[in-house]
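Data first, discussion second: the structure below is written as structure tokens.
Ligands are counted one by one from 1 in listed order, and the atoms in each one are counted from 1 as well. Residues take their numbers from the sequence shown, with the count starting at 1.
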Amino acid sequence: MNATPDLQAVDVTLDGAVAIVRLRRPAKRNALSDGLILALRQTFETLPEAARAAVICGEGEHFCAGLDLAELRERDAVEGLHHSRLWHAAFDAIERGRVPVVAALHGAVVGGGLELASACHVRVADDSAYFALPEGTRGIFVGGSGAVRIPRLIGVARMMDMMLTGRVLGADEAERAGLVQYRVPAGQALAKALELARRIAANAPMTNYALMHALPRIAEQASDHGLFTEALISAIAQAAPEAKARLRDFLEGRAAKVRPGG
Ligand code: 1HE
């Protein structure tokens, strides 16, 4: 694969402690070319030092139209294998990266676009968003980690249905299925994602790290192993000076209480 990162297709800005990563190929509905995939990997591996959380969003009418189908025509089986592994590396740079990532979803979130959203840590959809896996009807298969990450969110049965029948989920159905965690009126996905990312950025870094790196692994461990891993990670997290300071703040009446609707 000879592609180089298409750095024009990904824009990164810093808003306080939140990096905003924008897919910027609207004329092609942010379709994921090889160059864009490489740029995404590079972006998430080299986020600005000051970033403590990130938001990913898409420019134009849609979040992402998935794989760039114009490039698919050219590929043989061996190239297809390496191509899929390239996507895995890029999306791993998101899921197992340095900071939690909130996806702000609108319009089409389809195929590889849904795989990309599934690699993020929290998903917000506005009412214009719709979700599909057209791979089933295009004669191909998911190759960007969807077979692993999407069933974790909605189960094998729902993903099977989407792929076999071409079912398209609206924002409300996606929320009910567990594909997205927040649903907001059309046009408000980015604002909501930013609000959440700012909250996430204010957490102790070790807590965020443990959530990103330990929680998904524990979920895949046998329960006895999972409990042991949990004990190790919680011991490390509570020993951090920042954890001690936060507990002191609460005990001395300086920290926010937990309130309904918070
Ligand atoms: C594209 C792509 C694309 C748009 N690859 N060029 N993904 C799909 O099967 C979804 C294919 N796309 C669509 O169904 C629609 O384009 C949308 C619903 C996303 C948007 O519709 P619309 O009416 O706003 O835009 P459009 O007129 O269809 O497209 C505008 C341009 O973007 C047009 O190019 P133009 O040069 O004629 O202007 C389209 O060809 C182009 N375009 N989507 C290439 N996907 C690792 S495995 C992952 C496997 C998959 O992701 S399979 C699912 C692929």
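Residues of the protein with a heavy atom under 4.0 Å from ligand 1 are A27, K28, R29, A31, H62, A65, G66, L67, D68, L69, W87, A108, V110, G111, G112, E115, Y130, P134, E135, R138, I140, G143, G144, listed by chain and number.
The backbone N or O of A51 sits less than 3.5 Å from a side-chain atom of R98, completing a donor-acceptor pair.
H83 and D34 share a donor-acceptor pair across their side chains, judged by distance under 3.5 Å alone. When only modelled atom types and interatomic distance are considered, H82 and R85 share no side-chain donor-acceptor pair under 3.5 Å.
Counting only residues at least two apart or in different chains, side chain to side chain donor-acceptor pair (under 3.5 Å) contacts with residues 7-20 comprise D15-R198.
When all heavy atoms are compared, the tightest approach of V110 to P134 is CB-CD, 4.2 Å.
More than 12 non-hydrogen atoms from other residues, nucleotides or ligands lie less than 6.0 angstrom from CD of E242.
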